[in-house]
Number of protein chains: 2
Amino acid sequence: MNKSRVLRPAPDLPAEEAQAARFEKARLAQSTAVLEDYAELISDLIASEGEARPTDIARRLGVSHATAIKSIARLKREGLATSKLYRGVFLTPNGETLARRVRTRHRLVVDLLLAVGVPQGAAEADAEGIEHHVSDETLRAFAEFLDRK
Amino acid sequence: MNKSRVLRPAPDLPAEEAQAARFEKARLAQSTAVLEDYAELISDLIASEGEARPTDIARRLGVSHATAIKSIARLKREGLATSKLYRGVFLTPNGETLARRVRTRHRLVVDLLLAVGVPQGAAEADAEGIEHHVSDETLRAFAEFLDRK
DNA sequence: TTCTAAATGTAGCCTAGGCTACATTTGTTC
DNA sequence: GAACAAATGTAGCCTAGGCTACATTTAGAA
Ligand SMILES: [Mn+2]
Ligand SMILES: [Mn+2]
Ligand SMILES: [Mn+2]
Ligand SMILES: [Mn+2]
């Protein structure tokens, strides 16, 4: 055993666990970030183009089409999307629900950033990553803040 | 070729590229998030406990010690940390610089969230993920907003 | 109808970051 | 100084999400 463990006062265990819980939450959010971005994008493409094709999805995301197809496979596996061979991608009801939630959240995050004075370009760029870590509770606070303004 | 590509008006290419750039930026930020959290945590542990040991790092992060050791290996590979066999972990000058920057940013993000009305617990939890996606430009806007208040 | 380019799909490779199980070293205690 | 428990390190496995190269299918054009 390391001597320092004995000489040092016991660390604050609850605080340590709370910190670990925060990191775990961030890791969990990260693990669904890709699903969220795909759902939002597929929904956008269907709305604006009438269909969501793997190539278009890939180009918008800046990844290869092979990568996009692999992620679409995960979406299907998780019950968020469907597609038939050589046909476009569609969202299941669960996928649609996710897309709506994600789109709303994305917009609110951008609006909040703009409201506190972040320049347009930075707001739009940073929101793409930030959004996935904004909890419902935080989102509510953002909405209330924007209302008050 | 898909018929719809012909019938549909040409999509706005610059906008598509801009969107891809935003996603790419988010992916890049994600790829350094782990390094940032480790640097910040190692610095905190050295400050508060006098040393940063793999077991303590692992417990604070909520991962196994094997995972922590593997990530520490990456920190070393990237010139951010050093360690000798069975000894604790230390930050290189580059690692220290990173830790300082990350700690400052972390605090600013929490403060900004609190300032717009996010409850303490949610602010601290969400900040752990959000921080990695906050650009310098956005951070500056946060600082100015907090100053104005 | 046939040809051909684009889209789609598949295979196989890589890295990061999780994990468990096992081996080694250390340092305290007896 | 030996024994033991804790810490540290290693090995090997897994999944996600990147990539390139190649195969197949589609659908518009000739
Ligand atoms: Mn996003
Ligand atoms: Mn988004
Ligand atoms: Mn963090
Ligand atoms: Mn942090």
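Chain identifiers are assigned alphabetically (A, B, ...) following the order of the sequence lines, protein sequences preceding nucleic acid strands; residue numbering begins at 1 within each chain. Owing to the predicted nature of the structure, the values given are computational and were not obtained by experimental measurement.
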Sub-4.5 Å side-chain heavy-atom contact between B:L113 and B:I130: yes
Could you state the [atom1]-[atom2] distance from [X] to [N], rounded to the nearest angstrom?
| X | N | atom1 | atom2 | answer |
| --- | --- | --- | --- | --- |
| A:L45 | C:dA7 | CG | C1' | 15 Å |
| A:K84 | D:dT26 | NZ | C1' | 16 Å |
| B:E51 | D:dA6 | CD | C1' | 13 Å |
| A:Y86 | D:dA27 | OH | P | 11 Å |
| A:H132 | D:dG17 | NE2 | C1' | 14 Å |
| B:K76 | D:dT8 | NZ | C1' | 11 Å |
| A:R53 | D:dT25 | CZ | P | 19 Å |
| A:R74 | D:dG18 | CZ | C1' | 14 Å |

Go through the structure and list residues passing side chain to side chain donor-acceptor pair (under 3.5 Å) with [X], not counting sequence neighbours.
| X | result |
| --- | --- |
| B:E96 | none |
| B:S64 | B:T67 |
| B:D44 | B:R103 |
| B:E78 | B:R74 |

Return whichever of B:R77 or B:S64 has its heavy-atom-nearest nucleotide of DNA chain C closer to the 5' end. B:R77
For residues 115-126 of chain B, which side-chain donor-acceptor pairs fall under 3.5 Å, sequence neighbours excluded?
from, atom 1, to, atom 2, distance (Å)
B:Q120, NE2, B:E124, OE2, 2.7
B:D126, OD1, A:K25, NZ, 2.7
B:D126, OD1, A:S135, OG, 3.4
B:D126, OD2, A:S135, N, 2.9
B:D126, OD2, A:S135, OG, 2.7
B:D126, OD2, A:T138, OG1, 2.6

Between B:H132 and B:Q30, do the side chains contain an N or O donor and an N or O acceptor separated by less than 3.5 Å? no
Please list each protein N or O that sits under 3.5 Å from an N or O in nucleotides 10-12 of chain C, with the distance.
from, atom 1, to, atom 2, distance (Å)
C:dG12, O6, A:K70, NZ, 3.4

Per nearest nucleotide of DNA chain D, the residue lying toward the 5' end, A:G62 or B:G88, is B:G88
Tell me, please, which residues at least two apart from A:I69 pass side-chain contact (heavy atoms from CB on, under 4.5 Å). A:P54, A:H65
Residues within residues 26-42 of chain B bordering DNA chain D, heavy-atom distance below 4.0 Å: B:R27
Is it the case that the side chain of B:S71 and the backbone of B:A68 share a donor-acceptor pair, with hydrogens and angles ignored and the cut-off at 3.5 Å? no
Which of D:dA7, C:dT26, C:dT8 is nearest the side chain of B:R87? It is C:dT26
What residues form a ring pair (Phe, Tyr, Trp, His ring centres under 6.0 Å) with B:H133, not counting sequence neighbours? A:H133
Got a sec, which pairs hit side chain to side chain donor-acceptor pair (under 3.5 Å) with one end in residues 80-90 of chain A, sequence neighbours left out? A:K76-A:S83
Given a cutoff of under 4.5 Å between side-chain heavy atoms of I, L, V, M, F, W and Y, with clusters grown through shared members, what are the other residues clustered with B:L114? B:V110
Work out how much the helix from C:dT1-D:dA30 to C:dC30-D:dG1 bends between its end axes, five pairs an end, to the nearest 10 degrees. 0°
Phosphate OP1/OP2 of D:dG17: any A:T67 side-chain N/O under 4.0 Å: no
